[in-house]
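Below, read A as the first sequence line, B as the second, and so on, with proteins coming before strands; counting in each chain starts at 1.
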Amino acid sequence: MTKPLITPQTLKGFRDYLPAPAMAREAIMEIARKVYRSYGFSPIDTPALEYTEVLLGKGGDESDKQLFRFTDQGGRDVAMRFDLTVPFARFAAQHLNDIGVPFKRYHLAPVWRGENTQRGRYREFMQCDFDTIGTDSNAADIETLLVIHDLLAAIGFERFRIRVNNRLVLNGLLDKLGLADRSSGVLRALDKLHKIGREGVTAELCEKVATTPEQAQQVLEFAHLTGTPAEVLALLDTMLAGNAVGEQGIARLRELFTVARSAGIPDDRVDLDVSIARGLDYYTGTIYETFLTDDPKIGSICSGGRYDNLAGLFTSQKLPGVGASLGLDRLLAAMESFGMIAQASTPAPVLVVSFQADRLSDYVKIGRELRSAGINTEVFPDSRAVGKQLKYADKKGFRLAVIAGENEFAAGVWQVKDLKQGTQTSVATADLARHIQEVLAAGITT
RNA sequence: GUGGUUGUAGCUCAGUUGGUUAGAGCACCAGAUUGUGGAUCUGGGGGUCGCGGGUUCAAGUCCCGUCAUCCACCCCA
């Protein structure tokens, strides 16, 4: 009698990570931590599960947030977080006395949304957020841009573009056109410019938002501002002259581009794009979106912006802030299609071949010696044929195999086989770690 | 949530107007090579044709449902 088997399967939008992509993901998380820390952001963590009312806020629309929601064992109405910002708002309100302001934190964690899936769009995905709260200063907005740039550059991207805009500029325009009461509809249509073009936006404005054709045309005229940031800003100056809100937005953008440039951010990586309107709900100032030049269809892989009041739902204390989030799984999907995911599925460069079963203690010992020298080392578990073990080493992507049998033990040496170059050298046991370090160090530069 | 696409071996796919033992390449295992990987040759193991139902003498092939996938909306990382 055989037991009925359970079909191994994962849920829609939930995915397993095999070693190669898992290592790539961990490597990016490591880079993100490093970059965030380099600017002084501190790590925090919060629970995956929250009270539903914390996540939804008052009058929140559950279907909007696509929550995974259920009643827990104590009858509580709970839900899994759909982003890291709302939990951070709760966190900030709850711990304000401990953290003080300004406060800079980063948070790398999975979030869950029950939406329909696509390439780069999953139901469980990792976000890498960083935020600065408790300050209105444009310096924080500028720093956010620098962090986004440094992060992508550190991951190894060269061809990407950060699109920047300011909601104050958009609000100024809406004021002038008398469309302030329909801002979300207008901005939503405007946000699609890159996707559906001018005609599409015009149609949506007239039909869905019920603007007049003249208003639609003026919005379009505005959205079609192109050129260098300096040129666009000059045009905005005249277009929004006399509108206090708009002028403030222009001033902040102007300062941002000036400082970013003098800080060494290449011009071709930052755009002033007045059509982006990201974050219809809570962004109030600078807005950021980041696109990969070679895979724009996957969407923004790092977005964020400035908000007036993070935690208004939880405290009467006003907490302005600015931040952004890297969409790690989306980025990995793009990197996979670029072939940027390394083939090696082992984090160790060295394999100790188990040549003779009765010499296990020697193999284990040399493994520990190499590890204590900072060299990741795996000792093969079975004393199978050497050929098999080398084949395994090759497949898994080991760089070196160290081999010793009776002849080597008698001579006090190890054979070090370079799997990439096919060369083999005999090295005295005492020199083994140093020799391997040299080989590996040389390998990095080539 | 709406509309559509695809689903055959671990992977990429072929399977003729429904017709008898469902194929290939790569991968895997064994051997040629009992102290040395990637090449070559020989042999081998693997498939409830996503899953469930229906039509039919007969279903991988047609129909319905379902699960997953990708695409377009929606929204977003």
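At a threshold of 4.0 angstrom between heavy atoms, the contacts of A:D418 include nucleobase atoms, whether or not backbone atoms are also involved. Using a 4.0 Å heavy-atom cutoff across all strands shown, A:L419 reaches at least one base atom of the nucleic acid. Among the atoms of the strands shown, none is found under 4.0 Å from any heavy atom of A:Y392.
For A:R121 against B:C75, a side-chain-to-base donor-acceptor contact under 3.5 Å is present.
We find that the ring of A:F125 and the base of B:A77 stack, their centres lying under 5.5 angstrom apart and their planes tilted less than 30°.
Side-chain N/O atoms of A:K192 include one lying less than 4.0 angstrom from OP1 or OP2 on B:C75.
Ion pairing of A:K34 with A:E30 is absent here, as no side-chain N (NZ or NE/NH1/NH2) approaches a carboxylate O to less than 4.0 Å.
When the C1' atom is used for both B:U48 and B:A59, the distance is 15 Å, rounded to whole Å. B:A14 sits 11 Å from B:G25 when the C1' atoms are compared, rounded to a whole Å.
Atom CG of A:L187 is separated from atom C1' of B:C76 by 16 Å (rounded to the nearest Å).
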- Secondary-structure notation, RNA chain B, from Watson-Crick and G-U pairs under 3.5 angstrom (| other strand): ((((.((..((((.....[...)))).(((((.......))))).....(((((..]....))))))).))))....

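With the nearest nucleotide of RNA chain B identified for both A:N116 and A:F355, A:N116 has the one nearer the 5' end.
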